[in-house]
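All figures in this text were calculated on a predicted structure; none of them were measured in a lab. Just follow the structure's listing: the first ligand is 1, and inside any ligand the first atom is 1.
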Amino acid sequence: MLNQDIISIDQFDRETLEGIFEVSLFLEKEIKGRGSLDLLKGKVMASLFFEPSTRTRFSFESAMEKLGGNLVSATGVNFSSMAKGETLEDTIKTIERYADVIVIRHPEMGSARIAADSSNIPVLNAGDGPGEHPTQALLDFYTIKKEMGKVEGLNIAMIGDLKHGRTIHSLLKLLSHYENINYYLVSPEELKIPSEYLKGIKSYKEIKTLVEVLPDADVLYMTRIQKERFASLKEYEKLKDCFVLNKKMLESAKKDMIIMHPLPRVSEIAVDVDEDPRAKYFGQVENGLYVRMALLALVLGKLKLKEKVVI
Ligand code: CP
């Protein structure tokens, strides 16, 4: 994966997905055993976040630091010369002179592709508006596989804003490489999954209530209703509390199912769910660190897929 951009989950075949999983697992064990590594010593990551982020930004930055690398960063258009009218293309052509890899989050769909086309160093898409969030899909895959031991044969319920939820879009594309998964897509009519993300998905049901899917789900993937993507506040207010999971509701769920959420949450998971051992969303946050370490090490050529590495 040396020098590869990571823009869309479409670019990965099944073998590569499995390879990234293995490298992430390897780095998780190394970091848990040794605290930090020198793998990316001398390398610089430019962290460009033109849209709010906690997990993606901090996990990429922490991943770089824990692997011995360094950071240069900008958060918000107002903290770069884009506030003076500089284009994204010129911004990227400038930053590539100072860094070895660029991580970018931007509110416009397609912006990560534009950045990659302007850059001679790898560009990693940390979310492009309502488009994709490929590194989140990789960490979601990592979480499901680590917790359940597999993805095939599972009943996976995706709940909430399936129209705007880029984590859902990328995860569905990723999982389309795997057979025998039953999907339950739970959303209000206004927030249905766009049909383009159902290509390659063989078995799915579109459902209107959360309680219907609870007894069957092996993976319950909750998402936030994305206020910032609505044209009108009134429309958001109407839908914002359409699905709320609480501890009592989990009585009907399987004992060995897992609850995931890319976070941030607003009201869709009550805090009383957090103490349930099936709630994996903060573990999912931590997994982002290992997966992003793996991606940085791979695109910077410090690890290779399938290589049995000894650092
Ligand atoms: N899951 C996720 O993308 O979180 P942030 O928006 O906090 O980065």
Side-chain angles (χ1 to χ4, degrees), residues 6-9 20 24 45-66 71 73-77 79 101-109 111-112 115 123-144 146-147 156 158-175 197 219-230 236 240 243 245 258-269 271 273-274 279-296:
I6 298 178
I7 304 301
S8 166
I9 207 70
I20 294 170
S24 306
M45 182 185 95
S47 173
L48 306 183
F49 280 78
F50 299 118
E51 205 186 39
S53 169
T54 300
R55 280 143 290 273
T56 312
R57 179 174 155 223
F58 282 93
S59 62
F60 263 119
E61 294 185 357
S62 175
M64 196 65 189
E65 299 262 10
K66 282 180 182 280
L71 300 169
S73 67
T75 46
V77 174
F79 293 92
V101 59
I102 294 172
V103 175
I104 183 168
R105 172 171 289 189
H106 194 283
E108 284 168 28
M109 185 153 38
S111 52
V123 171
L124 276 52
N125 181 5
D128 60 335
E132 280 209 52
H133 197 348
T135 68
Q136 177 75 42
L138 291 166
L139 80 88
D140 292 343
F141 172 67
Y142 185 72
T143 303
I144 297 172
K146 214 170 74 169
E147 294 292 338
I156 300 184
M158 296 174 165
I159 294 109
D161 189 346
L162 308 187
K163 178 181 175 187
H164 302 115
R166 59 193 175 198
T167 68
I168 294 284
H169 303 166
S170 291
L171 184 58
L172 273 172
K173 285 182 175 197
L174 185 156
L175 292 172
Y197 297 110
V219 176
L220 195 70
Y221 191 107
M222 300 291 296
T223 63
R224 176 176 66 93
I225 306 299
Q226 301 203 1
K227 183 179 181 180
E228 67 277 23
R229 316 266 181 230
F230 279 76
Y236 167 72
K240 67 177 185 183
F243 305 115
L245 180 69
I258 59 169
I259 305 157
M260 295 174 64
H261 191 310
L263 303 181
R265 72 172 149 189
V266 183
S267 56
E268 59 279 1
I269 301 183
V271 289
V273 175
D274 296 2
K280 301 295 178 191
Y281 28 91
F282 289 108
Q284 191 181 347
V285 167
E286 183 178 328
N287 290 336
L289 179 66
Y290 310 125
V291 171
R292 289 172 175 132
M293 279 181 180
L295 296 174
L296 289 168

TODO: For His169 and Leu162, indicate whether the former's side chain and the latter's backbone hold a donor-acceptor pair under 3.5 Å.
DONE: yes
Task: Under 4.0 Å from ligand 1 - residues by heavy atom, chain and number - done: Ser53, Thr54, Arg55, Thr56, Arg105, His133, Gln136, Pro262, Leu263
Task: Sequence-distant partners of Phe230, ring-ring contact (aromatic ring centres under 6.0 Å, His included), two or more places apart - done: His164, Tyr236
Open item on the list: Restricting to side-chain contact (heavy atoms from CB on, under 4.5 Å), what partner residues turn up for Pro52, sequence neighbours left out?
Closed with: none
- [ ] With sequence neighbours left out, write down each residue that passes side-chain contact (heavy atoms from CB on, under 4.5 Å) with Ser59, or none if nothing qualifies.
- [x] Arg292
Task: Exercise: do Glu132 and Ser8 side chains pair donor with acceptor under 3.5 Å - done: yes
Open item on the list: Any donor-acceptor pair under 3.5 Å linking the side-chain atoms of Arg224 with those of His261?
Closed with: no
